[in-house]
Structures are given as C-alpha cells and as structure tokens.
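So you know, we letter chains A, B, ... as the sequences are listed, proteins then strands, and number each from 1. Not measured: the values here are computed from a predicted model.
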2 protein chains.
Amino acid sequence: MSHRNQQHKAGDLHFLKRLNRSAILEMVRRTPGLTRADIAAQAQLTKATVGAGVQSLLNQGWLREGELQKSSGGRPGRALHLNEEQHVLLGAEVGVHGLRLVACTLAGQVLASHHEHLVPTTPEVTAELLGKLLHALMHEAPVKNRHCLGLGIALPGPISPGQPVLRLAPNLGWRDIRFLDLLRPHLPRLDGTWLMDNEAKSAAFGELYFRTGTIPESLMYVSAGTGIGSGMVEGSHLPLVARGIQGLAGEIGHTVLQPGGLYCHCGNRGCAETLVSGWSIRAALGIAEEEDLIETLLPRMHEPEVQVTLRRAGEALGILLLNLHHSQNPSEIVLGGSLTRLGAPLLDPALHYFQENQTRLLGTPQQVPLRVVEDATFIAARGAAAQVLASIIHGPSDLF
Amino acid sequence: MSHRNQQHKAGDLHFLKRLNRSAILEMVRRTPGLTRADIAAQAQLTKATVGAGVQSLLNQGWLREGELQKSSGGRPGRALHLNEEQHVLLGAEVGVHGLRLVACTLAGQVLASHHEHLVPTTPEVTAELLGKLLHALMHEAPVKNRHCLGLGIALPGPISPGQPVLRLAPNLGWRDIRFLDLLRPHLPRLDGTWLMDNEAKSAAFGELYFRTGTIPESLMYVSAGTGIGSGMVEGSHLPLVARGIQGLAGEIGHTVLQPGGLYCHCGNRGCAETLVSGWSIRAALGIAEEEDLIETLLPRMHEPEVQVTLRRAGEALGILLLNLHHSQNPSEIVLGGSLTRLGAPLLDPALHYFQENQTRLLGTPQQVPLRVVEDATFIAARGAAAQVLASIIHGPSDLF
DNA sequence: CCACTTTGTTTGTTCTTTTTACTAACTGAA
DNA sequence: TTCAGTTAGTAAAAAGAACAAACAAAGTGG
C-alpha cells in the first residue's frame with residue numbers, strides 16, 4: 001500500500017475540507033457516541049464547521065445518528081456512530097498453510113470469514129482459488145447488498161515499498177510476485193481500493209486501527225509462525241506502518257541472536273529464525289513438512305525433548321522481544337502467529353525473560369504491555385481490511 | 001522536544017496558510033535557488049498563492065532573492081534562497097568527556113563552535129559551565145547581532161517523550177535530570193525555542209535535515225562512544241524522530257547479541273555494549289577511566305591484543321548494523337561517535353560483515369549506503385540546532 | 001521587429017471557516 | 001408551572017485564503 005507523498009506537502013481549500021471530514025469520521029470511528037459538540041471541542045473547530053461536515057457524512061451514509069445523550073444541564077447532544085450497514089471491507093491472508101478471508105464492517109466487526117487449507121502452490125493457482133473464495137464470500141448473506149470499499153491482501157514476506165510487489169516469500173517459494181495483478185482477472189467486478197502488505201504489518205495495523213477508546217501511541221505485532229516477522233505501527237493520529245527502504249523493516253527473523261550459530265535459509269548464521277520459528281522447531285524435532293506442526297506437537301507436549309526444544313525457542317523469543325523493546329520501544333506488543341497455540345512451554349520462557357529484563361535500564365515499574373493473541377487466525381486478514389479503510393479515509397482518493 | 005498532537009488533526013484557514021508557508025520555506029531550504037514557479041509546480045499551488053507566501057517570507061527576512069535563472073525561452077525566474085544573515089541556531093552536546101557547542105545558520109553552516117573538555121560532574125555544575133560557554137559563543141563576531149531562534153541540547157541518554165527530562169545517563173551518572181531547567185537561570189536573556197533530545201537522535205535528525213538535494217526517506221545514525229546508541233529519523237516531508245513510549249527507542253546498546261554473555265551495567269547479560277562500546281574496550285584492555293581511550297589506543301594499534309579486541313568489537317558492531325537493517329531497514333546508515341576514530345581495525349570487520357550479509361535476504365544488488373562520519377565532534381550539537389529550526393517551521397508556534 | 005514562451009503580479013471570484021445570532025431542548029429552583 | 005440558566009445544534013452574514021484569468025515583465029529565436 002503506502003500513500004507516501006514524496007513531494008512537499010502543501011494544501012488547498014479542498015484539501016482542508018477533506019482533512020476536516022477525515023478528522024470527524026476518525027473521531028467518531030474511534031470514539032463511538034461522540035456528539036457534534038464533543039467533536040468541535042476536541043478538534044478545535046467551530047460548531048458550524050462540524051455541523052456541516054457531519055451533515056454531509058450523514059447524507060453519504062458514513063455516519064448515523066444515535067440516541068440522545070444524557071443532559072448535563074442543557075440540551076442533550078445527539079450521539080453519532082459509524083453507519084455500519086452500508087459498507088463492507090474485504091481482507092485476505094495468503095499464509096503458508098492456507099487462505100484466510102474476512103469481510104468486515106467499518107468498525108472491524110467480522111461479518112463473514114473463511115479458512116481454506118492449502119499446501120503451498122504457485123501464485124497463479126493461489127490467486128485463482130482466492131478469487132473464487134472471495135467471490136463466494138461476497139455473496140454470503142450478511143455481506144451481500146453492501147457496497148464493497150476494497151480489498152486488502154496480507155502476504156508472508158516483504159513487499160516493495162511504493163509498488164505492489166511481494167519481493168520474497170521463502171516459505172511459499174515465491175519471489176517478485178505482483179499478486180494483485182494475478183488476482184484481478186478473477187474478480188473483475190470488484191472495484192474500490194486494492195492493496196497488499198506484509199502479514200505482520202497488516203496485523204499490526206489492524207490491531208491498532210480497529211481499537212476503540214484509548215489508542216496506544218504505537219504497537220508492534222510479532223508474528224511467530226513458519227517464519228517470524230514483525231510489524232510496527234506508529235502515530236495515534238494517522239497510524240503509519242514502518243516499511244523501510246526495501247520493505248525489510250520487521251524482518252526480525254533475520255536479526256542475528258547467536259553469532260556463529262546455525263545456518264539460516266538466508267545464508268547467514270545465527271538468525272533468530274534458526275532459534276525460534278516453525279521451521280527451526282521442525283528441524284530440531286525432526287517433524288516433516290507434510291505434518292501440521294501444531295497438531296503434531298500438542299499431543300507430545302509432555303515429552304522432555306519437546307519441552308526442551310520449546311523452552312529454548314521461547315528463550316530466544318524473549319530475547320527478540322526485549323531487543324525490539326530496546327530498539328523501537330513500542331507502546332504495546334502483541335504476540336500472534338500459529339506458534340502461540342503451543343502455549344506455556346513456548347511462551348512462558350519468552351514472557352518471563354521479557355518481563356524480567358524490560359525495566360532494568362530505566363529502573364521504573366512502568367511496564368510495556370505484552371499481550372498474547374487468543375486466536376490469530378484472521379488477524380492479518382482483518383488488518384488488511386483495516387488498511388483499506390484507512391487508505392480511503394486518509395488517502396488521496398475522493399471516495400467520501 | 002516532540003511536538004506531538006495527541007488530539008485528532010483538523011485544521012482551520014490559519015492552519016492552512018501556515019502549512020503552505022512551511023512548505024514553501026522547506027522547499028527553498030532543501031533546494032536552494034528554486035523560483036516561485038518551481039515551487040508552484042512542485043507544491044501544486046497556484047502562482048498567486050506562492051507569490052503571496054514568498055513575499056511575506058521575504059518581508060520577514062526568512063528568504064532572500066538571488067540571481068536570475070537561465071531562461072528557457074521565457075522570462076527567467078528569480079532564484080530564492082534562505083536568508084542566512086539574520087538568524088542563528090544554537091546547539092550543544094553534553095558528552096561524557098566534554099561539552100560541544102555550535103552556532104549555525106538556517107542552512108546548518110557552522111558560524112562558531114567550541115569544544116570544552118570536562119570530566120563527568122553534577123548536572124548543576126555542567127549547566128553552569130555550559131551556560132557560560134554559550135553566553136561567550138553568542139558574543140563571538142559571526143554570531144553577534146543575529147537573532148537567536150533557540151537552543152537545542154543533546155544528551156547521552158534516553159529522554160522522556162513529551163517532557164524534557166533526561167531519564168538516565170549511565171556514563172555521566174545522572175538520572176531524571178530536567179537539564180533545561182538547570183540551564184535556564186544561566187541564560188536568562190536567551191529566548192526562543194528550547195529543547196533537549198538524545199544525542200544519537202539529534203545527530204540523526206541533523207544529518208537528514210541539513211542535507212540539501214535528494215533527501216533519503218529515512219536515516220539511522222549509530223553513535224559508538226562510551227556507550228552505543230542510535231537514532232532513526234523518518235519521513236522526507238516532515239522528518240520525525242522515533243522515540244518510543246519511554247524514550248528507549250534506539251537503545252541498541254542493550255539489545256542482546258550474546259545470550260548468557262557478559263554482565264552489562266544494566267544488569268542483563270550479553271548486551272551489545274558488553275561487546276562493542278568504549279567501556280567494554282576499556283574493560284577488555286584494562287584501560288583506566290582517567291585515560292583518554294582513543295589517545296591511549298592510537299599509538300598501540302599494532303599490538304595483537306588491541307587488534308583482537310577491536311576486531312571482536314567490530315564484528316559485534318557489524319551484527320548490530322545488520323540487525324538494524326533487518327528490523328528497521330533505514331534508507332541510509334551513518335556511523336559516528338568517538339570510536340570511529342579508531343579506524344580500520346574496528347570498522348573494517350563491521351563494514352565487511354554488514355556488506356557481506358545485507359543483501360542475502362532479497363538477493364538483489366541494491367545496497368543500503370553506510371557512511372562513516374569523518375569528524376563526529378559537532379554532529380550531535382548541530383543536529384540539536386536543526387531540531388530547533390524544524391520545531392519552529394513545523395511546530396505550533398507562530399514565530400514565522 | 002515580432003511571435004512566442006515563461007515568470008510573476010493584480011484583480012475579482014469562489015470556497016471554507018468563522019462569527020454572531022438564534023432556535024431547540026433540557027435542568028433546577030422559585 | 002414558570003423562568004433563569006445551560007448546552008446543542010443551525011442559519012445567515014462576514015472574513016480569510018486560495019483560485020482563475022488577465023496582464024505586465026523579461027527573456028528566446030527567427
């Protein structure tokens with residue numbers, strides 16, 4: 001994705017109006033139930049400006065009016081909410097073990113979802129299947145009859161910044177794939193915003209963007225699956241995903257934790273992925289690729305060999321988390337990915353190391369919250385859908 | 001520093017005007033010699049709007065008109081430049097071994113500078129001395145009679161985001177110091193913008209901000225001195241420094257490179273600083289704190305023990321650089337700090353490891369440029385001055 | 001010398017927010 | 001019940017900023 005404006009930012013009157021409409025919509029999205037007066041106070045705009053902006057957003061179906069609020073000695077305000085009936089956002093994740101699809105509302109509520117197992121195959125075959133599944137999803141009852149705002153795809157590898165190219169997906173065996181171009185012929189009638197992004201970055205974005213109430217200043221999502229990657233999203237106002245000049249930001253699986261350690265598939269030695277990742281655990285325990293790693297391991301958790309392997313991986317994960325803390329210091333860390341299903345034997349050593357060491361430097365009790373996701377299945381797909389919405393609200397298009 | 005606006009961003013007409021004035025000024029700053037027509041084309045504004053904005057910036061002394069440009073078949077445009085005669089920016093770095101002060105123009109040209117050696121002492125004594133030196137600097141010939149826009153201070157430790165508190169400076173023995181408050185009584189007549197930031201972050205900012213021509217999308221400055229820290233600045237439009245929720249972003253000296261390794265002063269084991277930093281080199285070679293590390297080592301570079309120590313430190317530095325590449329992927333890395341004076345024995349292993357491994361993952365020839373600073377003496381101080389200018393141009397104040 | 005091109009300014013228009021005044025709707029006390 | 005006080009939202013005129021178009025200025029090139 002990325003709506004980077006390389007040129008220097010100046011603005012005309014149209015830009016200003018759009019900015020204010022975006023601000024109003026974002027405020028209502030993040031704090032459902034705000035009144036016009038609340039918005040005017042928070043945004044430092046006059047009641048008249050807010051009133052006009054709200055009116056046009058109501059007319060276009062982005063907002064709806066709710067109930068009257070309790071009065072505090074004067075005329076009660078009218079609550080404003082997102083109109084969640086009219087639009088739908090599509091998101092999909094192409095994972096190593098399958099496809100995950102979601103259709104969700106403007107607030108991120110999942111209307112329909114689908115999880116299709118799939119062994120790695122060519123981009124073309126994957127795109128065709130995904131196209132069919134998305135087509136089917138769009139015709140399910142709760143999705144049908146809604147206007148689709150666009151489609152976001154999350155992919156397991158670095159994306160070229162500025163152009164929709166998946167540079168590399170080692171666990172799929174893909175390289176330099178323009179996945180949207182492959183998908184488009186299978187969904188000729190789906191218009192709106194199309195975008196693609198790295199899986200962990202989409203997940204990070206969605207975890208921050210679809211949250212209501214107090215929004216953290218930044219959030220880092222760590223995705224531990226076949227490989228290990230991360231996404232950092234920053235800025236409570238307009239959340240931006242850090243991509244890096246080659247899209248390599250967040251490739252923490254290839255940060256070196258053990259100089260002179262095992263060889264990684266990237267050719268370097270001692271990468272984090274050689275210590276903690278689906279494939280390193282497989283390698284350590286001799287589990288074949290055909291078997292589902294998690295399903296194979298869950299019944300074997302009592303075995304000492306498994307426990308030792310997972311504890312070592314967990315310790316490496318803890319170091320990885322601490323290193324992220326000391327190099328980027330996110331407001332919050334969210335840990336997801338399929339490996340989280342392995343539970344305590346993997347996670348306890350990681351969490352313990354992180355908690356133990358994160359406050360050493362400053363010596364204050366203030367802790368950075370680290371949350372382990374309960375069910376990571378649709379997080380990246382939902383995050384990609386969130387990115388679609390954000391690019392419409394903040395992007396250059398005049399869709400609203 | 002940090003002019004973070006927590007609230008949601010909307011704007012009025014005044015804001016729009018200011019935005020456009022900022023854009024014009026920034027464009028001229030970054031590309032000296034632009035004409036009004038160039039600006040109008042690049043910024044997507046009309047000639048009339050640009051003309052009015054330029055006129056007011058000329059009247060206020062921020063810009064000056066230069067020579068006529070070569071005609072390309074029509075009326076030649078009038079080149080615009082920053083007016084560097086009127087203002088001065090002050091910057092200072094409080095380092096472990098002394099104070100560095102600069103006074104520079106809007107374009108970052110150093111008008112006067114001073115380097116004062118000083119053994120670590122209390123914040124109060126340091127502030128008093130710095131106040132005197134700054135006072136003297138302001139009365140040097142090239143600085144005198146200029147209007148001072150403000151003062152930026154770079155400090156060797158993490159700063160609380162949002163408030164001007166140095167949380168910790170282990171190598172000075174300071175903790176929770178409101179340094180600006182200590183300094184202010186000694187410079188009662190210096191008004192303008194006062195700010196403080198971490199030394200590596202100031203340096204990173206200055207390295208990007210005072211560059212003209214093509215600006216990298218992001219830049220990471222790695223400062224290798226008594227400790228080791230980094231600063232990441234992103235956004236070619238409005239460059240922002242990543243700080244993190246506790247100001248710990250960039251504390252790469254405490255990322256763990258060697259699990260179970262040596263104990264660090266932070267209490268954890270295997271931190272990067274135990275492998276590469278001024279203090280770890282001292283420890284490895286038994287050099288007392290009273291001696292100047294670099295001056296002591298330079299005559300001893302032929303000794304095998306020194307060579308081995310520096311090579312090992314260099315290898316760790318290379319890993320650190322590669323880890324930054326794979327976790328944040330800056331457009332450019334700049335390596336500075338006093339240790340760079342040790343030259344090839346330290347730097348060659350680092351650069352070699354980095355060049356060798358940075359393209360493994362994507363397999364493309366595209367390299368991220370890594371530049372070693374020739375003279376890092378005033379880089380952080382000058383960067384702090386740059387931050388003053390940026391906070392005036394982009395910040396909330398109405399100074400221009 | 002003249003047609004043509006490009007720069008920069010002037011003038012009046014358009015667009016957006018602001019100001020001010022007003023209506024609406026509720027609280028609480030007389 | 002009434003009425004002063006308070007807060008929410010709207011309407012119309014006013015102000016401010018950018019815009020469009022015409023124009024003046026200053027070159028080029030035949």
Side-chain angles (χ1 to χ4, degrees), chain A residues 7-25 27-28 31 33-59 63-81 398 400, chain B residues 8-25 27-28 31 33-60 63-81 398 400:
Chain A
Q7 73 210 344
H8 219 85
K9 198 59 208 172
D12 54 15
L13 286 167
H14 180 241
F15 162 83
L16 182 61
K17 188 175 183 181
R18 233 184 95 70
L19 186 74
N20 289 341
R21 285 166 53 89
S22 300
I24 292 170
L25 188 54
M27 289 172 72
V28 174
T31 316
L34 280 182
T35 67
R36 291 166 177 81
D38 295 332
I39 296 170
Q42 281 186 39
Q44 306 248 62
L45 295 172
T46 59
K47 289 188 294 176
T49 306
V50 173
V54 166
Q55 196 49 250
S56 81
L57 288 168
L58 286 169
N59 293 341
L63 297 182
R64 66 176 174 82
E65 290 190 311
E67 66 296 349
L68 283 177
Q69 298 227 312
K70 286 276 168 283
S71 163
S72 60
R75 172 177 169 176
R78 179 69 66 177
L80 296 167
H81 298 272
D398 251 335
F400 86 108
Chain B
H8 219 86
K9 197 61 206 172
D12 54 14
L13 286 169
H14 181 245
F15 163 84
L16 182 61
K17 187 176 184 180
R18 233 184 96 70
L19 186 74
N20 289 341
R21 285 165 54 89
S22 298
I24 292 169
L25 188 54
M27 290 173 71
V28 174
T31 318
L34 281 182
T35 66
R36 292 166 176 81
D38 295 332
I39 295 170
Q42 282 187 39
Q44 307 247 61
L45 294 171
T46 59
K47 290 188 294 176
T49 305
V50 173
V54 166
Q55 196 49 251
S56 81
L57 288 169
L58 286 170
N59 293 341
Q60 291 173 43
L63 297 181
R64 67 176 173 83
E65 287 189 314
E67 66 296 352
L68 282 178
Q69 298 228 312
K70 286 277 168 282
S71 164
S72 59
R75 171 178 169 177
R78 178 70 65 178
L80 296 167
H81 298 274
D398 252 335
F400 86 107

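A donor and an acceptor atom, one from each side chain of A:T35 and A:D38, are located under 3.5 Å apart.
In this structure, A:L34 atom CG and D:dG9 atom P are separated by 11 Å, rounded to whole Å. A:L19 has its CG atom 17 Å from the P atom of D:dA17, to the nearest Å. Atom P of nucleotide D:dA25 and atom CD of B:Q69 are separated by 21 Å, given to the nearest angstrom. Note: CD (B:E67) to C1' (C:dT7) measures 15 Å, nearest angstrom. Separating the NZ atom of B:K47 from the P atom of D:dA24 is a distance of 14 Å, rounded to the nearest angstrom. Between B:K70 atom NZ and C:dT6 atom C1' the separation is 16 Å, expressed in whole Å. Atom CD of A:E65 is separated from atom P of D:dT10 by 8 Å (rounded to the nearest Å).
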note = Quick tally for nucleotides 25-30 of chain C: nucleotides whose base has a protein heavy atom under 4.0 Å get B, sugar-phosphate-only ones S, the rest -, giving BBS---
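Across D:dA12, C:dG8, D:dA18, the shortest atom-to-atom separation from the side chain of A:A48 is found for D:dA12.
Counting all heavy atoms, side chain and backbone alike, A:I24 lies closest to A:L57 at CG2-CD1, 3.8 Å.
Using a 4.0 Å heavy-atom criterion, one finds that B:A37 contacts the sugar-phosphate atoms exclusively.
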Considering only nitrogen or oxygen atoms on both sides, find all protein atoms under 3.5 Å from nucleotides 13-16 of chain C and state each distance.
none

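Nucleotides of DNA chain D nearest to A:G11 and A:R78 differ in position, and the one nearer the 5' end is that of A:R78.
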